[in-house]
Amino acid sequence: MREWLAPVRGALGADFLAAYLYGSVLTQTYDPRRSRVNMLVVSRTLNLDVLDAVRGALPEDRKPPHVAPLFLTQRQIEKSLDVFPIEWIDIKERHLLLEGLDVLGPYEVPRSNLRLQIEQELREKLITLRQAYLASARRPESLEAVLKAAASSFATLCRSLLRLRGEDPPAHTAQAIERVADLFHLDAQGLLAAHLVHHGERHHKEPELLSQYRRFLVEVERLVNTIDEMRVP
């Protein structure tokens with residue numbers, strides 16, 4: 001990752017502040033064949049001149065490990081802590097300073113908007129799942145890609161839900177999802193469907209895939225309804 005970062009840092013020059021790894025790359029479940037390496041690059045400024053310099057320096061993304069860089073200024077981080085509490089809490093709790101100054105250290109993420117963001121993102125996910133299901137009548141196999149696409153963000157939402165309840169999420173994603181199912185009296189196997197399809201090694205036959213998708217859709221809707229009624233002090 002330092003090799004990937006070198007030309008980018010050179011393009012930023014004196015504007016470079018820090019680079020962090022975050023997300024699944026720091027977990028035991030990271031799989032370079034399926035997962036991208038999330039990297040946060042913090043700069044003093046990101047005006048058009050700086051963007052053009054970085055744009056010309058970004059390494060080509062031809063083979064794994066594939067890097068998904070996020071470029072932000074320090075001020076943009078400060079101003080977005082209350083707008084994206086899920087993302088910043090997740091980054092704060094699981095990151096690795098690769099190079100530069102630890103600019104994230106002093107920040108505290110306000111949790112007043114956490115429940116609202118969780119509900120909003122779960123409702124968006126539910127709509128996406130439902131629309132994909134309706135569109136899959138002639139191509140049920142297309143639902144596999146939908147589940148895989150939903151797996152990572154859904155796992156993040158489950159970890160955020162546990163934090164909202166005052167719990168530290170388990171290190172393993174499956175355990176975090178199972179804990180959410182237990183807390184809210186949901187079907188754990190249904191909630192795990194996206195995770196199992198995404199990380200499973202075998203190809204799922206159409207009837208099994210359709211069954212898993214239906215269970216996941218039902219449990220996500222039940223979870224949304226439960227969160228809607230949740231009262232947070």
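Nothing fancy with the numbering, it's 1 onward along the sequence.
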How many angstroms lie between CD1 in Ile177 and CD in Gln189, if you round to the nearest 0.5 Å? 10.5 Å
For the residue pair Phe84 and Val109, establish whether any side-chain heavy-atom pair is separated by less than 4.5 Å. no
Test applied, side-chain contact (heavy atoms from CB on, under 4.5 Å); reference residue, Phe154; option that passes from Glu121, Arg159, Lys125: Lys125
Determine the minimum heavy-atom distance between Val197 and Gln212, stating which atoms define it. CG2-OE1, 3.5 Å
Beyond-backbone contact of Leu104 with Ile77, side-chain heavy atoms, under 4.5 angstrom: yes
Out of curiosity, Glu108 CD to Ile89 CD1, how far, rounded to the nearest 0.5 Å? 10.0 Å
Which heavy-atom pair separates Asp15 from Val50 by the least distance, and what is that distance? OD2-CG2, 3.6 Å
Hey, are Arg62 and Glu60 close enough for a salt bridge, meaning a charged N less than 4.0 Å from a carboxylate O? yes
Are any non-hydrogen side-chain atoms of Ser24 and Thr173 less than 4.5 angstrom apart? no
Between Phe216 and Leu129, the two heavy atoms sitting closest are CE2-CD1, 3.7 Å
When clusters are formed by joining ILVMFWY residues with side-chain heavy atoms under 4.5 Å apart, either directly or through shared neighbours, do Leu191 and Ile127 land in the same one? no
Contacts of type side-chain contact (heavy atoms from CB on, under 4.5 Å), residue Ser142, not counting sequence neighbours: Ser136, Arg139
Spacing of Tyr20 atom OH and Lys92 atom NZ [to the nearest 0.5 Å]: 8.5 Å
As an exercise, state the distance from CG of Leu217 to OG1 of Thr128, rounded to the nearest 0.5 Å. 11.0 Å
Should we count CZ of Arg44 as having more than 12 external heavy atoms under 6.0 Å? yes
Could you check if a side-chain atom of Pro65 sits within less than 4.5 angstrom of a side-chain atom of Met1, using non-hydrogen atoms only? yes
Kindly compute the distance separating CG (Leu186) from OG1 (Thr226), expressed to the nearest 0.5 Å. 5.5 Å
Test item: Ser43 and Phe71 side chains (from C-beta on) under 4.5 Å apart, heavy atoms: no
Between Glu93 and Asp168, is the side-chain contact (heavy atoms from CB on, under 4.5 Å) condition met? List the steps. CA-CA 10 Å; Glu93 293 190 1; Asp168 292 326; 5.6 Å; no
Carboxylate-amine/guanidinium contact Arg222 Asp187, below 4.0 Å: no
Following the transitive rule for hydrophobic clusters with a side-chain heavy-atom cut-off under 4.5 Å over Ile, Leu, Val, Met, Phe, Trp and Tyr, establish whether Met230 and Val224 coincide in one cluster. yes
Do side-chain atoms of His198 reach the backbone of Ala194 as a donor and acceptor pair under 3.5 angstrom? no
Do any N or O atoms from the side chain of Ser160 and from the backbone of Thr156 form a donor-acceptor pair under 3.5 angstrom? yes
Kindly work out whether a path of hydrophobic side-chain contacts (I/L/V/M/F/W/Y, heavy atoms less than 4.5 Å apart) joins Val180 to Val218. no
For Phe184, does the CZ atom have more than 12 heavy-atom neighbours from other residues, nucleotides or ligands under 6.0 Å away? yes
How long is the gap from CG on Leu183 to CG on Leu223, to the nearest 0.5 Å? 10.5 Å
Is it the case that the side chain of Arg111 and the backbone of Pro85 share a donor-acceptor pair, with hydrogens and angles ignored and the cut-off at 3.5 Å? no
More than 12 foreign heavy atoms under 6.0 Å from CG of Asp182: is that the case here? yes
Could you report the tightest heavy-atom contact between Arg115 and Ile227, atom names first, then the distance? NH1-O, 3.0 Å
Same hydrophobic cluster for Ile86 and Tyr107, using side-chain heavy-atom links shorter than 4.5 Å among ILVMFWY? yes
Minimum heavy-atom separation for Glu178 and Ala188, please, with both atom names. CG-CB, 4.4 Å
Decide yes or no on side-chain contact (heavy atoms from CB on, under 4.5 Å) for Leu58 and Val54, but give the supporting numbers first. CA-CA 6 Å; Leu58 282 173; Val54 172; 4.2 Å; yes
Quick one: closest heavy-atom pair of Asp82 and Asn113, and the distance? O-ND2, 3.0 Å
So Leu70 and Asn38, do their side chains get closer than 4.5 Å, heavy atoms only? no
Joint hydrophobic cluster, Val42 plus Leu101, side-chain heavy atoms closer than 4.5 Å: yes
Are Leu40 and His95 side-chain neighbours, meaning at least one heavy-atom pair lies under 4.5 Å? no
